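Only one structure is covered here, and it is reproduced in the block below.
In this text the structure is predicted, and so the values were computed from the model without any measurement.
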Amino acid sequence: MEENLSYPIGKFKIPETISATDILNWLDIIEKFPERLTKEVTSLNDAQLDTPYREGGWTVRQVVHHVADSHMNAYIRFKLALTEEIPTIKPYLQDRWAELPDSKATIDLSLPIIVNVHKRWLIILRSMTPDDFERKLFHPEQNKELILKNFAALYAWHCNHHLAHITELKKREGWK
């Protein structure tokens, strides 16, 4: 059961083959995510926002702030890969970021970031050519080059992954 609470939609797997349709579907997920997230969290009170989605997991509030942090980094990583030859990205310790004071602040600070980063990110994503999606970046923690089309898949999964943390918690708790 714990695995389902940590990964309610399953762990991310890079698809063996990626079509242009797959990429368009992932971009649609990324585009619709801010509205879907906002719909799920804006009616929650502080006690609900401060409820972890699983024992030992982040609170809903931390998840919202994490998404803002993560997707800002993703947006920048795409821009780096589109403007430099195989740039080395800067990893960050997301669990430590989630413990900083801004991750306990009102979600009203992060929701507009998510909305606007996604708007800007989609301008970039929707203008990318098939060759652009083949561009690479280097991830020093994984010690390998990663391809942008795989990153598009990852972040579409990331949107659905964290949205499921929230929606599944709301179902379990009987929250509307």
Exercise for review: Using atom types as modelled and distance alone, determine if a side-chain donor or acceptor of K149 lies under 3.5 Å from a backbone N or O of I18.
Suggested key: no

N/O donor-acceptor pairs under 3.5 Å from side chains in residues 79-89, not counting sequence neighbours:
residue: K79; atom: NZ; partner: Y75; partner atom: OH; Å: 3.3
residue: T83; atom: OG1; partner: K79; partner atom: O; Å: 2.8
residue: T83; atom: OG1; partner: L80; partner atom: O; Å: 3.4
residue: E85; atom: OE2; partner: R135; partner atom: NH2; Å: 3.1

Check your understanding: With distance as the sole test, does R77 use its side chain to make a donor-acceptor pair with the main-chain N or O of K90 at under 3.5 Å?
Key -> yes

Review point. Would you say I124 and R120 make side-chain contact, with heavy atoms under 4.5 Å?
Key: no

Check your understanding: If we only count heavy atoms from C-beta on, is the V60 to L169 side-chain gap below 4.5 Å?
Key -> yes

Exercise for review: Answer yes if M72 and I114 sit in the same cluster of Ile, Leu, Val, Met, Phe, Trp and Tyr residues linked by side chain heavy atoms under 4.5 Å apart, and no otherwise.
Suggested key: no

Practice item. Would you sort out whether D132 and L148 count as a side-chain contact (heavy atoms from CB on, under 4.5 Å), showing the intermediate values? Key: CA-CA 8 Å; D132 289 335; L148 285 184; 5.8 Å; no

Exercise for review: Sequence neighbours left out, what passes side-chain contact (heavy atoms from CB on, under 4.5 Å) with S127? Give chain and number order.
Suggested key: none

Review point. Okay, side chain of Q62, backbone of T59: is any donor-acceptor separation there less than 3.5 Å?
Key: yes

Practice item. Please tell me if the side chains of T129 and E134 come closer than 4.5 Å, counting only heavy atoms from C-beta onward. Key: no

Point to revise | Salt-bridge criterion met for E168 and K171 (N-O under 4.0 Å) | key: yes

Exercise for review: Would you check if S70 and H158 make a side-chain contact, meaning some heavy-atom pair closer than 4.5 Å?
Suggested key: yes

**Study point:** Short side-chain to backbone donor-acceptor contact, D22 and S19, under 3.5 Å
**Key:** yes

Review point. Salt bridge (charged side-chain N to carboxylate O under 4.0 Å, His left out): which pairs involve residues 150-167, sequence neighbours left out?
Key: none

Check your understanding: Is any side-chain heavy atom of W58 closer than 4.5 Å to a side-chain heavy atom of D95?
Key -> yes

Practice item. Spell out, as yes or no, whether a donor-acceptor pair under 3.5 Å connects the side chain of E145 to the backbone of L137. Key: no

Review point. Does the ring centre of H161 sit less than 6.0 Å away from the ring centre of Y7?
Key: yes

Review point. Would a distance-only check, ignoring hydrogens and angles, find a side-chain to backbone donor-acceptor pair under 3.5 Å from W157 to I14?
Key: no

Check your understanding: Between R126 and D28, does at least one N-O distance fall below 4.0 Å, as a salt bridge requires?
Key -> yes

Review point. Do I23 and F151 sit in the same hydrophobic cluster, where Ile, Leu, Val, Met, Phe, Trp and Tyr count as joined when their side-chain heavy atoms come under 4.5 Å apart?
Key: yes

Exercise for review: Determine whether L163 and I29 fall in the same hydrophobic cluster, where Ile, Leu, Val, Met, Phe, Trp and Tyr are linked whenever their side-chain heavy atoms lie under 4.5 Å apart.
Suggested key: no

Exercise for review: Mind running salt bridge (Lys or Arg N to Asp or Glu O under 4.0 Å) on E99 and K104 for me, showing each step along the way?
Suggested key: CA-CA 8 Å; E99 294 302 321; K104 293 171 180 59; 3.5 Å; yes

Review point. With no hydrogens and no angle check, do the side chains of R36 and N160 hold a donor and an acceptor under 3.5 Å apart?
Key: yes

**Study point:** Members besides W97 in its Ile/Leu/Val/Met/Phe/Trp/Tyr cluster (side-chain heavy atoms under 4.5 Å)
**Key:** Y92

**Study point:** Sequence neighbours excluded - ring-ring contact (aromatic ring centres under 6.0 Å, His included) pairs with any residue from residues 13-55
**Key:** F33-H71, F33-H118, Y53-H165

Check your understanding: With a 4.0 Å cut-off, would you call D46 and R61 a salt bridge?
Key -> yes

Practice item. Ignoring hydrogens and angles, tell me if any N or O in the side chain of D69 forms a donor-acceptor pair with the backbone of H66 under 3.5 Å. Key: no

N/O donor-acceptor pairs under 3.5 Å from side chains in residues 37-44, not counting sequence neighbours:
residue: T38; atom: OG1; partner: P34; partner atom: O; Å: 2.8
residue: E40; atom: OE1; partner: K170; partner atom: NZ; Å: 2.8
residue: T42; atom: OG1; partner: T38; partner atom: O; Å: 3.0

**Study point:** Value rounded to 0.5 Å, distance of NE2 in H65 from CD in Q94
**Key:** 15.0 Å

Check your understanding: Would you say V115 and L27 are hydrophobically clustered, going by side-chain heavy atoms of ILVMFWY under 4.5 Å?
Key -> no

